[in-house]
Amino acid sequence: MGTVSLQLGQCGNQIGHELFSVISDDSNGPNRKKYKQCSDERFFYESSTGELVARSVLVDMEPKVISQAIAKASKSGRWRYGDKAHFSQKQGSGNNWANGFCVHGPRHEEAVEDMVRMEIERCDRLAGIFTMMSVAGGTGSGVGTYITQRLRDSYPQSYILNQITWPYGAGEVIVQNYNSVLTLSHLYQLSDAILVHENDTVHKICSHLMNIKHMSISDINKVIAHQLGSVLQPAYTADSPCHYNRNPIGELLSSLVCHPEYKLLSLSNIPQMSSASLAYSAFNWPGLLKHLRQMLIASARMEEGIDWTVNVTSGGESVTNSRHKSFNSSLANLLILRGKDVSTAVTDGFKDPALYVPWLKTENCFSTWNSPVAFNGYEKSATLVSNSQYLLKPLDNIVRKAWNMFASRAYVHQYTKFGISEEDFLDSFTALEQIISSYTHLS
Amino acid sequence: MTQSIVVQVGQCGNQVGCRFWDLALREHAHVNQTGVYDEALSSFFRNVDQRRAGGADATGGRITALKARAVLVDMEEGVLGEILQGPLRSLFNSTQLISDVSGSGNNWAVGHHTYGLTYREQIVDQVRKAAEHCDCLQCFFLIHSMGGGTGSGLGTFVLKLLEEEFPEVCRIVTSVYPTAEDDVITSPYNSVLAMKELTEHADCVLPVDNQSLVDIVGKIQHMSNTGKPSCTIKKDCTIISGHGGVVKVEKPFDAMNNIVANLLLNITSSARFEGSLNMDLNEIAMNLVPFPRLHYLVPSLTPLYTLADVNVPPRRLDQMFSDAFSKDHQLIRADPKHNLYLACALMLRGNVQMSDLRRNIERLKPTLPFVPWNQEGWKTSLCSVPPVCHSHSLLALANNTCVKSTFFDLRERFVKLYRRKAHLHHYLAVDGMELAGFNEALSSISDLIEDYTHLEHPLMPNAPRLAIAT
């Protein structure tokens, strides 16, 4: 079964390239024949000359990033992108969601859809469509949203998982909050789940955990790709304990998204460190899982600086008790364990009913995948994909900032110029306020 | 890759324009050592093969003959004549130059109405020809001055033409503002009349003020003469130097004009070269212009010079960021730090990392007042190719209420003349110019000043969020 990826816009294409690099490097490690076979089938196909070609379509409105990605992939010698699987234009969307969604999207939909269909037809069975894009700019967000909409129409039964990158709080694109609000509100209607990476979080991981002094965009993308790879690479699941699961996207969705109102997924992983210190570190499963659990309930973005005073309070009645800090409540969690002695890991800490909403059965809320193969150089590693209140605060911040700007009608003329009206903005704000309200009142 | 066309109008516009072409050639020669006509070159230059009729504009081939994507307009022959005899002559076909003999006599109305009408067809023809040579035309750069007759009058007429003929293409205008002691007595009239056109028809205006350019030149010359041995300026490595270009003879205003040329080089660098965080030209207006009329972006360039000492401590890099906000690095006389920011772009070139950028934004943010609804109004870009002779550089574009003071002064000087109806008859004698034009221009600049003032007192500081019934 194959997963077809879409790399949209500058950010999506950079992350996509890093993701395929991580997957390819990881699969080529020692003693992992079956693992590699399964991973290769999932993400690549073999060309007539025997080369591995990524099942990916690259879309951008300007050529620079795509040509870099294609050149770097060919240079790896292990894999490359398809000759006819990339689409670029000469002029970008200028950070304007409306330009991407109303102009560039409709203008190029046929070309892009044809490419996606070619890739889908190449799979003997389609596991799902995985898109990567940022929400801040114009192309990834605007064109990406439009293409997602077209794909939803053409493939109503297929899984669509959108990976999106949330911008830094400040400093990339000034209208990023408008673009984010418009993207998220539309995607929420279309996508099966939205997997979110926050640049601010990843930036902190790079500086605090990886000790990177002069951080580049590529360092940040590598961390995102590492996290994605740890989810998407082959693993055993409860349903298939002896064979690698065949459909990571389908199984991920069925274990995490139980209700269409709740589909924001966050990722956290442990351990994460520079390769220099990795060589001198030893890990044990109880320690890793204890940290990861506390990261979950304290809503901590990384292993460092976790608030250990946050406790899970049972029954819900003492949540209001001022002695307890409120904890991050979950709808569902998926724990992915990779590495040595994975069968000895005890995951009971994640099975506490108090972690979850009362209206779901706990046994449906928690799942584990595992694989004895060490991932990407880490002897042991754990990744948690969580459908929880984790993203509530950043989402609320985006909506608050966008709303402040909208109250002054600043920048709105740039959007109405391309056909997005004030009404459309209001609809998007309403949709997101609804999501915020739903996640706030979980229990 | 997209292309841009430069339209330079009037004496000042053409002098600045030529410094731009010279420095652009120098920069590309520095980066492109192989002599191949690459994508970066194609943004401002065509590659013409004289042997073939159609010309060879495809990238990847050898450079045969470079032609500037430009239209040069002046109503006197002097400056254009010099260009045709000077070392840059091969860059232009004679048809790209449009000139008259008599000049506009420092009269906006003559430039705008008389010459506008006469040369309209010819200008449109030449611009259209230049546009046809572009694969994907993204932007027009108009260079002109505000004080005279041709640059100000005909320049703003050309701006209107560009909007009519190419409504989709972004228009970025570099306007050189006169000093208060300008020797053109009618310069307040010309400037205020031109302002109305700029406010209505440009996407972005980069105001540059002669006095600031003089001050910066003075500062650099002072440094290079009296610098302590520990901070000797690397020779010819200042933003006023044209060293290394094809034009060897230095003219009196070249130092000042080189600053403006560097501004244009830096603003386009991210669209021309590779970088991990590119900024397209159409992103400038999108991010920096929250309201259509408030599109005046105050530029500042740092560093002004590179020291001979090759070690760059991080402190010096941070200093570059601080300088970009200081009063004496602005290209117009204004103090952004003590006024309100609507939005700010930082365009970096050379050896600067994402983390340097983030660190400095965090550091400077608390000292800079931003409007409440755009507290994080930063747009950034990183271009990996530094300017010639520097290891890194920064261009800051600030949409800041400090431009108001320039407009305020201009209006004062306008009113002083207008109250006495001084020199009015020269304007009203021109066909197409009426007294109403003066009143409209005056109220346009007054409205603009008012708009900036209003921002300092926001209407809805804390609009309540939409409430969801639970």
Side-chain angles (χ1 to χ4, degrees), chain A residues 10 14 61-65 68 89-96 99 137-138 168-177 203 206-207 212-220 396 399-401 403-414 417 426 429-430 432-438 440-441, chain B residues 1-3 39 135-138 170 271 273-292 342-346 353-358 361-362 365 371-382 455 458-470:
Chain A
Q10 176 165 354
Q14 286 170 342
M61 290 300 119
E62 52 153 28
K64 277 187 246 181
V65 180
Q68 273 172 4
Q89 289 289 302
K90 291 174 180 126
Q91 186 169 1
S93 304
N95 294 158
N96 191 332
N99 192 8
Y168 284 105
E172 278 176 281
V173 175
I174 291 175
V175 288
Q176 61 189 25
N177 296 314
H203 189 98
C206 283
S207 68
I212 303 172
K213 289 258 154 46
H214 297 284
M215 200 185 309
S216 65
I217 306 248
S218 155
D219 295 317
I220 290 175
D396 191 64
V399 175
R400 177 177 51 79
K401 289 177 196 166
W403 181 253
N404 267 340
M405 201 178 255
F406 186 71
S408 303
R409 294 298 183 271
Y411 295 101
V412 171
H413 73 282
Q414 311 266 21
K417 194 162 75 183
L426 280 173
F429 278 116
T430 315
L432 292 188
E433 293 286 7
Q434 179 64 54
I435 297 164
I436 291 173
S437 163
S438 300
T440 309
H441 305 100
Chain B
M1 183 70 89
T2 57
Q3 293 84 34
E39 294 264 344
D135 201 13
C136 178
L137 172 60
Q138 183 166 40
C170 175
F273 298 113
E274 306 264 309
S276 54
L277 194 68
N278 276 324
M279 167 144 48
D280 237 356
L281 291 169
N282 55 357
E283 292 171 18
I284 295 174
M286 179 68 198
N287 284 283
L288 295 180
V289 182
F291 305 105
L342 278 74
C344 183
L346 299 179
Q353 293 300 322
M354 196 64 196
S355 44
D356 301 321
L357 183 56
R358 307 232 39 101
I361 288 183
E362 290 306 320
K365 223 167 89 176
V371 285
W373 43 265
N374 210 9
Q375 286 290 314
E376 281 138 3
W378 298 89
K379 168 73 185 168
T380 52
S381 75
L382 298 174
L455 283 170
L459 284 175
M460 295 181 50
N462 285 309
R465 295 256 296 261
L466 295 173
I468 297 293
T470 48

For chain B, the option from A:Q89, A:E62, A:M215 that forms the most heavy-atom pairs under 4.5 Å: A:M215

For chain B, the option from A:G94, A:C206, A:G138 that forms the most heavy-atom pairs under 4.5 Å: A:G94

Under 4.5 Å from any heavy atom of chain B - which part of A:I220: neither

Pairing residues for B:D280 by the salt bridge (charged side-chain N to carboxylate O under 4.0 Å, His left out) criterion, not counting sequence neighbours: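 None.
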
Any heavy-atom pair between the side chains of [Y] and [X] that's under 4.5 Å?
{"X": "A:D396", "Y": "B:R465", "result": "yes"}
{"X": "B:W373", "Y": "A:Y411", "result": "yes"}
{"X": "A:S216", "Y": "B:M354", "result": "no"}
{"X": "B:Q375", "Y": "A:N404", "result": "no"}

Contact summary for A:T430 and B:I468, nearest pair of heavy atoms: O-CD1, 3.9 Å

Residue pair A:V173 / B:N287: nearest heavy atoms and the distance that separates them: CG1-OD1, 3.3 Å

Quick check for you: to the nearest 0.5 Å, what is the distance between [X] atom [atom1] and [Y] atom [atom2]?
{"X": "B:T2", "Y": "A:K90", "atom1": "OG1", "atom2": "NZ", "value": "10.5 Å"}
{"X": "A:I212", "Y": "B:S355", "atom1": "CD1", "atom2": "OG", "value": "9.5 Å"}
{"X": "A:K213", "Y": "B:Q353", "atom1": "NZ", "atom2": "CD", "value": "14.0 Å"}
{"X": "A:Q176", "Y": "B:W378", "atom1": "CD", "atom2": "CH2", "value": "13.5 Å"}
{"X": "B:N282", "Y": "A:N96", "atom1": "CG", "atom2": "CG", "value": "9.0 Å"}

Under 4.5 Å heavy-atom distance to chain A, tell me which part of [X] shows up: side chain, backbone, both or neither.
{"X": "B:L288", "value": "both"}
{"X": "B:C170", "value": "neither"}
{"X": "B:V289", "value": "both"}

All ring-ring contact (aromatic ring centres under 6.0 Å, His included) counterparts of A:F429, not counting sequence neighbours: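 For A:F429 the ring-ring contact (aromatic ring centres under 6.0 Å, His included) partners, ignoring immediate neighbours, are A:W403, A:F406.
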
Option that, when pairs with chain A are counted at under 4.5 Å, heavy atom only, ranks first among B:A271, B:P292, B:A343: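 Heavy-atom pairs under 4.5 Å are most numerous for B:P292.
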
Trace of the side chain to side chain contact (heavy atoms under 4.5 Å, CB included) decision for B:D356 with A:H214: CA-CA 7 Å; B:D356 301 321; A:H214 297 284; 4.1 Å; yes

Under 3.5 Å: donor-acceptor pair, side chain of A:Q414, backbone of B:F291: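 It does not hold such a pair.
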
A:N95 side chain to B:K379 side chain, donor-acceptor N/O pair below 3.5 angstrom: yes

